[in-house]
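Each chain gets a letter, A, B and so on, in the order the sequences are listed, and its residues count up from 1.
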Protein chains: 2
Amino acid sequence: MARKPVQQRAKATVDAIVEAGFIAMAERGPAATTTRQIADIAGVGVGSLYEYFENKEEIFQVMSERFVADTIAMIQPLIPTIVRKPIKEAVLDLLGHFRDFLQANNERYLKCARYAMALDFEQHVEPLQKTLSELVTQYLMHHPETLKIRNIPTMSYIMINGGIYSVVRHLCDPAPPITFDELAGGLADMVSHYTEREMALVSP
Amino acid sequence: MARKPVQQRAKATVDAIVEAGFIAMAERGPAATTTRQIADIAGVGVGSLYEYFENKEEIFQVMSERFVADTIAMIQPLIPTIVRKPIKEAVLDLLGHFRDFLQANNERYLKCARYAMALDFEQHVEPLQKTLSELVTQYLMHHPETLKIRNIPTMSYIMINGGIYSVVRHLCDPAPPITFDELAGGLADMVSHYTEREMALVSP
DNA sequence: TAAATTTTCCGAATTGAATCCGAACAAGCG
DNA sequence: CGCTTGTTCGGATTCAATTCGGAAAATTTA
């Protein structure tokens with residue numbers, strides 16, 4: 001950010017700009033949104049954008065950050081509940097919340113996710129990855145029998161990345177080949193079958 | 001495309017433009033490549049771009065199409081070999097070829113994949129998805145015992161999408177938390193464990 | 001072959017969006 | 001209230017995308 005807002009009304013301006021960014025992005029997609037549109041929706045002059053953001057790109061970056069932060073904030077309180085459930089239910093529960101979250105507010109975050117997954121990859125999605133790894137760790141600690149499973153970091157990596165992408169892709173698809181429930185069930189089965197098979201292999 | 005090239009030299013111009021697009025994209029990423037750069041690299045005037053492409057975006061679209069077509073062309077001849085292998089080897093084999101393909105030519109296609117996965121989703125990646133579904137179908141026919149597995153379309157969807165994304169993401173990451181071999185092995189295990197567990201459940 | 005026609009190429013001119021900037025307006029503070 | 005600092009703004013500027021009309025090359029026609 002080019003400059004920090006110190007007064008209250010300046011903070012409100014920054015918020016209005018980011019909010020306008022979400023609205024414009026949800027309406028027309030990131031490529032088609034102009035600085036003029038964002039300024040108009042926010043009810044500020046175009047010049048004001050550049051008081052707090054280096055350029056248009058940075059507005060999207062901040063939106064991306066907020067998206068990831070909000071996702072994490074959505075997941076954190078679920079952790080204590082989720083870690084106590086059987087694996088399949090746990091996955092279904094998490095995915096259901098994730099879908100609702102992405103679709104809220106005219107799919108604001110779904111459109112943002114599509115953008116964020118393309119450009120930033122490491123930079124912004126990484127904290128989310130860390131949170132989910134944390135969730136996996138806690139889950140394992142609540143189910144000590146699963147600690148025998150090999151390659152846990154690798155499997156986390158695959159399921160977290162593959163899971164997020166599959167869900168975002170599916171929700172963006174106007175004519176998906178399978179239903180969301182099938183997708184969620186499939187991901188849950190994938191995890192639970194893998195777990196069960198590993199446990200069978202390790203302690204026969 | 002705005003107009004079809006009919007003469008030979010015009011076809012060469014179109015090729016040079018697309019080729020230049022790949023080079024420019026690999027160097028600076030899609031956002032930072034200008035029409036001037038593409039024209040300079042291709043050795044043509046800026047005006048020539050617009051003889052055969054509606055706009056800059058369409059150049060990227062054609063690149064995307066070529067990327068997907070080349071990916072399919074890379075996979076097709078592998079199918080007869082792959083379908084005869086045990087599941088784990090089959091997955092490892094496919095992933096190895098996919099990685100080499102993405103990394104060839106200064107990672108030209110890896111950078112393209114990153115872009116294609118963001119924007120086009122359905123439109124361009126879909127033929128690839130269809131080819132891979134085909135591969136799965138053929139694999140199942142060569143291993144009749146696996147036909148009992150439930151939810152095959154769902155599992156294909158998850159493994160194809162999740163697999164492609166995980167690999168692209170991993171190869172783009174300058175400091176990945178796991179090695180590529182671990183990732184590939186993990187995906188292979190994921191598939192094979194799921195298969196084994198399903199077979200055990202269905203015919204105990 | 002030469003003229004006529006079609007195709008291709010080009011780069012200066014146009015357009016429009018992104019960004020800059022300095023004047024005008026508000027807020028905090030002695 | 002003067003003074004300083006923070007904020008807003010929109011016209012001016014910059015730069016990339018796109019257009020356009022004419023020249024050059026290829027092809028066809030006579």
Side-chain angles (χ1 to χ4, degrees), chain A residues 1-64 111-112 115 118-120, chain B residues 1-64 111-112 115 118-120:
Chain A
M1 229 182 271
R3 186 164 68 78
K4 288 282 183 196
V6 322
Q7 296 178 6
Q8 192 52 45
R9 88 183 151 136
K11 283 176 188 138
T13 299
V14 172
D15 273 350
I17 291 169
V18 176
E19 177 69 13
F22 277 116
I23 293 170
M25 170 115 105
E27 271 176 7
R28 307 161 167 280
T33 62
T34 68
T35 52
R36 191 70 60 104
Q37 282 167 15
I38 294 175
D40 285 350
I41 294 172
V44 304
V46 263
S48 298
L49 303 188
Y50 294 87
E51 289 294 324
Y52 306 104
F53 301 93
E54 280 299 336
N55 49 41
K56 189 171 71 161
E57 193 58 27
E58 201 178 81
I59 298 175
F60 290 135
Q61 301 252 330
V62 170
M63 286 164 56
S64 222
K111 278 149 190 164
C112 196
Y115 177 75
L119 292 212
D120 307 313
Chain B
M1 229 182 272
R3 184 164 70 78
K4 288 281 182 196
V6 322
Q7 297 176 7
Q8 191 52 46
R9 96 185 143 136
K11 283 177 187 136
T13 299
V14 171
D15 273 350
I17 291 168
V18 176
E19 176 70 13
F22 276 117
I23 293 170
M25 170 116 105
E27 273 177 5
R28 308 161 167 278
T33 63
T34 69
T35 52
R36 192 69 61 104
Q37 283 167 14
I38 294 176
D40 286 349
I41 294 172
V44 303
V46 263
S48 298
L49 303 187
Y50 294 88
E51 290 293 326
Y52 307 103
F53 301 93
E54 281 298 335
N55 48 43
K56 190 172 71 161
E57 192 58 26
E58 201 178 81
I59 299 176
F60 290 135
Q61 300 254 329
V62 171
M63 287 163 56
S64 221
K111 277 149 190 164
C112 195
Y115 178 73
L119 291 213
D120 307 314

Problem - Side-chain N,O (Thr35(B)) to OP1/OP2 (dA17(D)) below 4.0 Å - result: yes
Handout entry: Interatomic distance, Arg36(A) CZ vs dA18(C) P [rounded to whole Å]
Key = 9 Å
Handout entry: Test side chain to side chain contact (heavy atoms under 4.5 Å, CB included) applied to Asn55(A) - qualifying residues, sequence neighbours left out
Key = Glu57(A), Glu58(A)
Exercise for the section: Ignoring backbone atoms, establish whether Tyr50(A) has a side-chain N or O less than 4.0 Å from OP1 or OP2 of dC20(C). Expected result: no
Exercise for the section: Please report, rounded to the nearest Å, how far the P atom of dA16(D) is from the CG atom of Asn55(B). Expected result: 18 Å
Exercise for the section: Round to the nearest Å and state the distance from Ile59(B) atom CD1 to dT18(D) atom C1'. Expected result: 12 Å
Handout entry: Any residue meeting side chain to side chain contact (heavy atoms under 4.5 Å, CB included) with Thr35(A), in chain and number order, not counting sequence neighbours
Key = Val46(A), Leu49(A), Tyr50(A), Lys56(A)
Handout entry: Residues which pass salt bridge (charged side-chain N to carboxylate O under 4.0 Å, His left out) with Asp40(A), listed by chain and number, not counting sequence neighbours
Key = none
Problem - Intermediate values then yes/no, side-chain contact (heavy atoms from CB on, under 4.5 Å), Val18(A) and Phe53(A) - result: CA-CA 10 Å; Val18(A) 176; Phe53(A) 301 93; 3.9 Å; yes
Handout entry: Separation of atom CD1 in Ile38(A) from atom P in dA18(C), rounded to whole Å
Key = 8 Å
Exercise for the section: Rounded to the nearest angstrom, tell me the gap between atom CD in Glu54(A) and atom C1' in dC20(C). Expected result: 12 Å
Completion exercise
In short, Pro5(B) meets Ala10(B) closest at the heavy-atom pair CB-CB, 3.6 Å
Practice task
Using atom CD of Glu57(A) as one end and atom C1' of dT19(C) as the other, report the distance to the nearest whole Å.
Solution key: 14 Å
Problem - Length of the line joining Arg28(A):CZ and dA17(C):P, which is rounded to integer Å - result: 11 Å
Problem - Where Met63(A) and Cys112(A) come nearest, the two heavy atoms and their spacing - result: O-SG, 4.1 Å
Exercise answer: donor-acceptor pairs, residues 19-29 of chain A side-chain atoms, under 3.5 Å, sequence neighbours excluded:
residue, atom, partner, partner atom, Å
Glu19(A), OE1, Arg108(A), NH1, 3.2
Glu19(A), OE2, Arg108(A), NH2, 3.0

Fill in the blank from the handout: Rounded to the nearest 0.5 Å, the CD1 atom of Ile59(A) sits from the CD atom of Glu54(A) at a distance of 11.5 Å
Completion exercise
Taken to the nearest whole Å, CD/Glu58(A) to P/dA18(C) is 15 Å
Exercise for the section: Give, ordered by number, those residues of residues 15-26 of chain B having at least one heavy-atom distance below 4.0 Å to an atom of DNA chain C; if nothing qualifies, reply none. Expected result: none
Just the table, please: protein N/O against nucleotides 5-8 of chain D N/O, every pair under 3.5 Å.
residue, atom, partner, partner atom, Å
dT7(D), OP1, Val6(A), N, 2.9
dT7(D), OP1, Gln7(A), N, 2.7
dT7(D), OP2, Arg3(A), NH1, 2.3
dT7(D), O4', Arg9(A), NH2, 3.4
dT8(D), OP1, Thr13(A), OG1, 2.4
dT8(D), OP2, Tyr52(A), OH, 3.0

Problem - Those residues that, when tested against Arg3(B), pass salt bridge (charged side-chain N to carboxylate O under 4.0 Å, His left out) (two or more places apart) - result: Glu51(B)
